Amino acid sequence: QGDQSNRVSIHPGHQFTQVAGSSSTAELLACPAAMASPCVGKKLVHLDLKGAPPRIAYLAQLFPLFSQLGADGLLMEYEDMFPYEGRLEVLRATNAYSPDEIKQILDLAKSNGLEVIPLVQTFGHMEFVLKHQQFSSLREVSCTPNAINPHKEQSLELLQCLTDQVMALHPEAQCLHIGADEVHLLGSGEESQEWLKVQGNNLDKLFVSHVKKVAERVLSAHPHLTLIIWDDMLRGMSQDLLKDSGIADVIQPMIWDYNPTLDVERTVLLIEKYQQSGLSKLWLASSFKGSTEVNQSLTCIGNHLANHTQWLKVVTALPKDTTELQGIAITGWQRYDHFSVLCELLPVGLPSLAACLQTLQHGEFNEEAQRTFQQALGVVNVEADTFVREDFGSFPGSEVARLINHINAYLKSTVDGFLEGNRYAIGWFSPYHRKKRIVHPIMLQQFEPEAKGLLLKWELVAQNLQAAMDLLYYPDTVEEWLDEHVNPALDPLRGFLQDLQEATEQLS
């Protein structure tokens, strides 16, 4: 769900900026008296495994925490971390979970009272499949791997193979999420263009036709399943089209909105439209991280508390006798899509998840919710209004969260402060001096020790972070995070010292 027009509109910064029309975090924390919590159904923690997939040992630490905080289940978006077999084996990431590890995940979830709902994309966001040459002929548009061609029988066969393999390793699953969000360029393929020329055909009918075909195939093989889809492609459809399409017979929509200023009235009207179209059983989706900026690395709890407060207002406004809310997925996006950079890592977002789960549990982030938050995470302070935390307690992954916060707060500013603010470095080892390898041996002593000390300090911090991350993540995640957030800041200093060394050698 990488379309930022539908995402949180706050730009990241070190301090949470109040959004016009939303409650301040102080107001969210102000009500000490517990109120009856609106029933949102099952509370699912979304794990987006297409980026920074956790090691099994880390999941074993997280699941008891999720349960303690009030979660009822997991929405597992495996993507390329699933151990596909046969002709689908090419889809596996280097560190994809093995079938035995999938069983371990399910056993861990079950022992902590967490239902597992797998998610398999079946229309848009098919990049992890369609990027491969052997499946590229099934693209809706040949130059991009986002969407699958809805007209080819081979497309349906591939999707059935994907869902069958996932369900084979999830024999106790009662629900399956089949994605279908953000089908970019739908209708732009040659076959779609021809189909759309037929009188009465349109993009909405093309979408529901494909989803129905996929759903009917899945249900034919697994009739006990409840199928869920993201709702964004349905929002603009007329009530009559939705009702006449028969899509309500095979799927339940999950309405997603991650904005802290979610429009309550408009969302209630949308839900009423769905209900009047026969889509009576509905799911919601909020966000605890991964919805602020594509390259965000720190999480502000206040943004996400506000989003959940708005969702609770929606639930309260719905008529109790006709609303059949099945649950809410608290999403934690790790990438906006298969090809984008990592956003906040899970340890950084855990305080936000804790606050959001407790808000849903109690109907507000009241004193009781805050006590559970503090006890579960081992923290003293909530720190809801800031991106940079100071209290990291003792929750699983807290050392990674602490070091990431430290790096984001100080690394670039201290390196830039030296390279752009040290008058001796600026005056006696300028870009021209570096190019010609010229340095005054006496003035060298005025800045070389500081440069070396600064590099040594930050490389030690990076080594500590790498060691801490290695316990939670696979090597490719560690490499990616360091290359995105540490090396770009340190490389200018490394280059400066390399040039200085060569200039010094020329002196001798």
Side-chain angles (χ1 to χ4, degrees), residues 1 6 34-44 46 70-73 75 115 117 119 173-181 204-205 207-208 211-212 215-216 218-219 223-287 306-331 356-357 359-364:
Q1 298 169 338
N6 289 315
M35 59 182 283
S37 174
C39 181
V40 296
K42 298 174 182 177
K43 297 181 289 295
L44 309 175
H46 170 244
D72 303 300
L75 181 60
E115 177 184 356
I117 299 178
L119 190 157
Q174 297 301 305
C175 298
L176 173 67
H177 198 308
I178 58 172
D181 57 311
D204 291 343
K205 289 182 178 179
F207 177 82
V208 295
V211 170
K212 275 194 68 179
E216 286 166 354
V218 172
L219 292 172
H224 68 287
L225 284 178
T226 294
L227 301 184
I228 305 165
I229 69 167
W230 300 113
D231 85 301
D232 52 289
M233 298 296 292
L234 305 177
R235 292 175 194 170
M237 297 184 190
S238 70
Q239 184 176 312
D240 288 342
L241 188 150
L242 287 170
K243 194 169 187 178
D244 295 343
S245 71
I247 197 170
D249 297 331
V250 290
I251 61 94
Q252 296 175 3
M254 180 174 278
I255 306 163
W256 61 273
D257 193 327
Y258 312 140
N259 204 306
T261 58
L262 178 157
D263 189 321
V264 173
E265 184 179 357
R266 186 175 66 179
T267 305
V268 169
L269 289 174
L270 176 65
I271 290 173
E272 289 176 351
K273 181 181 82 169
Y274 286 156
Q275 291 176 321
Q276 291 163 8
S277 303
L279 295 161
S280 57
K281 295 184 177 180
L282 303 164
W283 300 74
L284 311 177
S286 57
S287 166
N307 176 239
H308 285 79
T309 299
Q310 293 301 96
W311 270 121
L312 288 172
K313 291 178 183 177
V314 170
V315 175
T316 302
L318 293 172
K320 303 296 179 289
D321 52 341
T322 59
T323 303
E324 296 184 68
L325 281 183
Q326 305 301 296
I328 183 169
I330 309 164
T331 64
C356 295
L357 278 168
T359 297
L360 294 176
Q361 187 91 338
H362 295 282
E364 60 181 338

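All of these numbers come straight from a predicted model, not from anything done at the bench.
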| Taking only residues two or more places apart in sequence or in another chain, which ones pass side-chain hydrogen bond (donor to acceptor under 3.5 Å, both in side chains) with H177? | none
| query | What residues, two or more places apart in sequence or in another chain, satisfy side-chain hydrogen bond (donor to acceptor under 3.5 Å, both in side chains) together with W311? | reply | none
| note | Applying ring-ring contact (aromatic ring centres under 6.0 Å, His included) to H46 and not counting sequence neighbours gives W333
| field | Sequence-distant partners of A248, side-chain contact (heavy atoms from CB on, under 4.5 Å), two or more places apart | value | L279
| said: Holding to salt bridge (Lys or Arg N to Asp or Glu O under 4.0 Å), I want the full list of residues that pass it with K42, two or more places apart in sequence or in another chain. | reply: E115
| remark: With sequence neighbours left out, the residues meeting side-chain contact (heavy atoms from CB on, under 4.5 Å) with S238 are D240, L241
| task | Identify, with sequence neighbours excluded, every residue that meets side-chain contact (heavy atoms from CB on, under 4.5 Å) alongside P319. | result | D321, T322, T323
| field | Non-neighbouring partners of D263 that pass side-chain contact (heavy atoms from CB on, under 4.5 Å), sequence neighbours left out | value | E265, R266
| query | Mind checking what makes side-chain hydrogen bond (donor to acceptor under 3.5 Å, both in side chains) contact with D231, not counting sequence neighbours? | reply | R235, Y274
| Side-chain touch L225/C175, heavy atoms, less than 4.5 angstrom | no
| request: With sequence neighbours excluded, tell me which residues meet salt bridge (Lys or Arg N to Asp or Glu O under 4.0 Å) with D204. | output: none
| When you look at NZ of K281, are more than 12 heavy atoms from neighbouring residues, nucleotides or ligands closer to it than 6.0 Å? | no
